[in-house]
Amino acid sequence: VIGKRFHSCCVVVKNMQRCIYAIPSSSVFPRDTISRIEKNSTSSDASLSLRATLHELSSGLKSEVAEKLSDLNVSNFVMTPVKRNYAFERTDVPIGEQYVLKINYPYKDPAVPADLRGDHFHALLGTNNSALELFLIKRKIKGPSWLSISKFVACPSTQRVSWCKFEVTVDSPKDISVLMTSNTLEVPPVVVAAVNLKTIINEKHNVHEIVSASVICCHQVKIDTPMRSEDWQKRGTISHFTVMRKLEGSIFPIGLTKEASDRNQKAGSNVLALESSERALLNRLMIELSKLDCDVLVGHNISGFDLDVLLHRAQTCKVPSSMWSKIGRLRRSVMPRLTKGNTLYGSGASPGIMSCIAGRLLCDTYLCSRDLLREVSYSLTQLAETQLKKDRREVSPHDIPPMFQSAGTLLKLVEYGETDAWLSLELMFHLSVLPLTRQLTNISGNLWGKTLQGARAQRVEYLLLHSFHAKKFIIPDKFAARNKELNSAKRKLNADTEGGNAADGAADPSIDDEVHHGDQGKARKGPSYAGGLVLEPKKGLYDKYILLLDFNSLYPSIIQEFNICFTTVERSSDGNLPNLPTSKASGVLPELLKSLVERRRMVKSWLKTASGLKRQQFDIQQQALKLTANSMYGCLGFSNSRFFAKPLAELITLQGREILQNTVDLVQNNLNLEVIYGDTDSIMIYTGLDDISKAKAIAGKVIQEVNKKYRCLEIDLDGVYKRMLLLKKKKYAAIKVALDGSLRENIERKGLDMVRRDWSLLSKEIGDFCLNQILSGGTCDDVVESIHNSLVQVQAQMKKW
RNA sequence: GCGCGGAGCGA
DNA sequence: ATTACTATGGTCGCTCCGCGC
Ligand SMILES: [Mg+2]
Ligand SMILES: [Mg+2]
């Protein structure tokens, strides 16, 4: 901090040590010897002698390892016998607690092959762990937070690796710790720069060339709470500029130069810079960006367009690396391969591009909107209209060259560019992207940048890495040899779903709630195990009260209820469905979920009494905790996940199906109520009553009966429907009555064509009209007539066209 | 009815 | 016109559309 401003600082951590584990043959630490000496070693000097004994026992192992390491040109290593747990999928590592040999040596030395074996050890784990991951896990760094950095030395400017304001070096990762007293420190603001490029198309090479770049910069952005527009738009905390260039072989239109200098003079800074070439434009842009030294780059489809164009043009125009690399915070000398994989639209920036902006976060509001909103289109124009209530003028690259004919139109172009940057920025605030992703990151302990990219699997991966590490587990390697099963099991499963699909041939999932929408692009793989049970709906129009009961967070609750974990469920090597655990000891996953649920409960209790920004902060935190708990199951069933455990995922969904079926049976057979539908974690009960309080009383009874069967699982009344049209599985609409006593009514539409974005507006509007009529409560004749009339009218209107 | 491909809703 | 998982991408269930047989 200088004065009241925060600045960037790069910390170079030297001497990172690899941490690998050799799994000894059973003869190295004989079980009876170990338990005998452990029993005696309760006092401290006895533990000294324990250590001595362990070193003694492992001497053969150690010398063998030492020899093999030396063969591999690894010289500076330390070996220590330690007690660790294992609970994962490798069959060559015993499950449970045991002594293993920990080997530390510098990352500078080469990684040893993962399949290295010896007479005294039969497996090696952690050989390829990344230094960054190890650092975060060992130092227990869970997302952005204050760190204490001790014994650092400032780096002379000639040896810097970064463009940061400060750069220091520490000699050991242990010089860095999470600052425990950080609650007393203010959360620093971040600098956010919104970028928008305007390009023309070079027909010959079929590439975009940049003619203008606009940047809007917010210097005081909060990351702990959402910000209202009046706060982030406060004068003095925001700045902007546009860099523009003339078209090749032509000059700027008359009056532009004068206008630019007037504007700059008036603003007291370069708000409009005119350059003579694309290369000069890029140079200027990089200089201005490096002055801003922003923490976050934001833009609409910035990862799919602007950054890509920017770097490709820098390459083509031979912008020196000392310039283009300022787009990030690391100094770089060679341009990485910009396109590698990821040519799919909407899948984020390529790794090469991401590496260029190292040190800055990337917030693509196109990708964020796809994740957080449901819209028929995610264009900036559409989002500006529906989300921000603003008009946006669309400018295609083909419209641009003519705009160079007059100063007036060219200034319009500047305005459009700056407006687009502004709208994207506004969208970012509107969606609270930074507070939400920061919170998610602090819960899981991964990298913030990855959360911004989506990377749900990695979030869960880090959450589990931290948890298992804290309990002294050896963590599964990233590229475990998972060559066994693969596709063989999946075929079989699809083939032998016994019974038709009447009431039991269904599957299961993970109970997503509101969020997570836009899903274009990625072709889904076929399912590899059964998911949630979907009851056959009793189709029809219901006009008396219907109860919607729904289990809260079904899968997280199942994991806790049945203590499902890597550490508790015995899995056979053939990948068959395991039995429920009998173990009393709580597993790691259940404990983890319990703590997430408890934290959420606490935050929600604060939320009740808080107000204003504090309240919004708690709300975000609460959402993030729920999201995290709910996404864990998905990763157990994710074949590329480091913690892939299909048997566990399968066991969870099986419990889900049984619980739903048992609930249906109880409600129908014991309570004599009519269940008309249910999906995965919910049941709908037709009460046949006109009296809402009687209906609610029934709900209370059902809830009581169901909940007393379980320890963690909890069913709750999710809604009361006054009338409902039930068409098919996952397709229905209903008038939902508010439960807060206000009796407000609202039509809920699920799965119907009118909620899908692949139907025309006209079709959706007509559908909605029909639905309103059908649910209006009018007589059948009236409804039919009204719909018929309306359709005739539409037909007439269409004929006029 | 089967197969393939494509949509994106639902939990 | 075609398409190879050195990195990486959360799960499954249920319509709809369109082609070919
Ligand atoms: Mg639920
Ligand atoms: Mg539900």
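Model, not experiment: these values are computed from the prediction. Chain letters run A, B, ... following the sequence lines, proteins first and then strands; every chain starts at 1. What you see below is based on every heavy atom in this structure, not just the backbone, and it leaves out hydrogens, waters and symmetry mates.
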Which whole-number value in Å describes the distance from Leu727(A) CG to G10(B) P? 14 Å

Span that lies between the C1' atom of dA4(C) and that of C4(B), in whole angstrom: 23 Å

Can you measure Leu752(A) atom CG to dC14(C) atom P for me and round it to whole angstrom units? 17 Å

Sequence neighbours left out, what passes salt bridge (Lys or Arg N to Asp or Glu O under 4.0 Å) with Lys722(A)? Give chain and number order. Glu745(A)

Could you check if a side-chain atom of Glu748(A) sits within less than 4.5 angstrom of a side-chain atom of Met724(A), using non-hydrogen atoms only? no

Whole-Å distance, Tyr529(A) OH to dG10(C) P, equals 13 Å

At what distance, to the nearest 0.5 angstrom, does CG of Leu580(A) lie from CZ of Phe562(A)? 6.0 Å

CG of Leu549(A) versus P of A11(B): gap in Å, rounded? 15 Å

Using atom C1' of each nucleotide, how far apart are G1(B) and dC5(C) to the nearest Å? 36 Å

Respond yes when some side-chain nitrogen or oxygen of Ser528(A) is under 4.0 Å from OP1 or OP2 of dC12(C), and no when none is. yes

Rounded to whole Å, CD1 of Ile652(A) lies from C1' of A11(B) at a distance of 15 Å

From C-beta outward on Val755(A), which listed nucleotide comes closest to its side chain: dT11(C), C9(B), dC14(C)? C9(B)

Test item: Val720(A) and Ile546(A) side chains (from C-beta on) under 4.5 Å apart, heavy atoms: no

Between P of G10(B) and CG of Asp718(A), the distance in whole Å: 15 Å

C1'-based separation of dT3(C) from G3(B) [nearest Å]: 23 Å

Please state how far atom NZ in Lys450(A) lies from atom P in dG10(C), giving the value in whole angstrom units. 11 Å

Separation of Lys525(A) atom NZ from dC12(C) atom P, in whole Å? 8 Å

Hey, does Leu464(A) have a side-chain heavy atom less than 4.5 Å from the side chain of Met632(A)? yes

Report all interatomic pairs (protein N or O, nucleotide N or O of nucleotides 16-20 of chain C) with separations under 3.5 Å.
from	atom 1	to	atom 2	distance (Å)
dC16(C)	OP1	Lys731(A)	NZ	3.2
dC16(C)	O5'	Lys731(A)	NZ	3.4

Using the benzene-type ring in the case of Trp, are the ring centres of Phe468(A) and Phe88(A) under 6.0 Å apart? yes

Consider the side chain of Asp681(A), meaning its heavy atoms from C-beta on, and name the nucleotide among dC14(C), dT11(C), A11(B) that approaches it most closely. A11(B)

Enter the distance from Gln661(A):CD to Thr663(A):OG1 here, rounded to the nearest 0.5 Å. 9.0 Å

What's the closest nucleotide to the side chain of Tyr633(A) if the choices are G10(B), dG9(C), dG10(C)? dG10(C)

Compare side-chain N and O positions of Lys729(A) against OP1 and OP2 of dC14(C) and report whether any pair is under 4.0 Å apart. yes

Whether Arg374(A) contacts G10(B) is assessed here as follows: a side-chain N or O lying under 4.0 Å from the phosphate OP1 or OP2. Is that the case? yes

So, does Lys478(A) get its side chain near the phosphate of dT8(C), meaning an N or O under 4.0 Å from OP1 or OP2? yes

Answer yes if the ring centres of Tyr721(A) and Tyr542(A) are under 6.0 angstrom apart, and no otherwise. no

Please tell me if Arg757(A) has a side-chain N or O lying less than 4.0 Å from either OP1 or OP2 of C9(B). yes

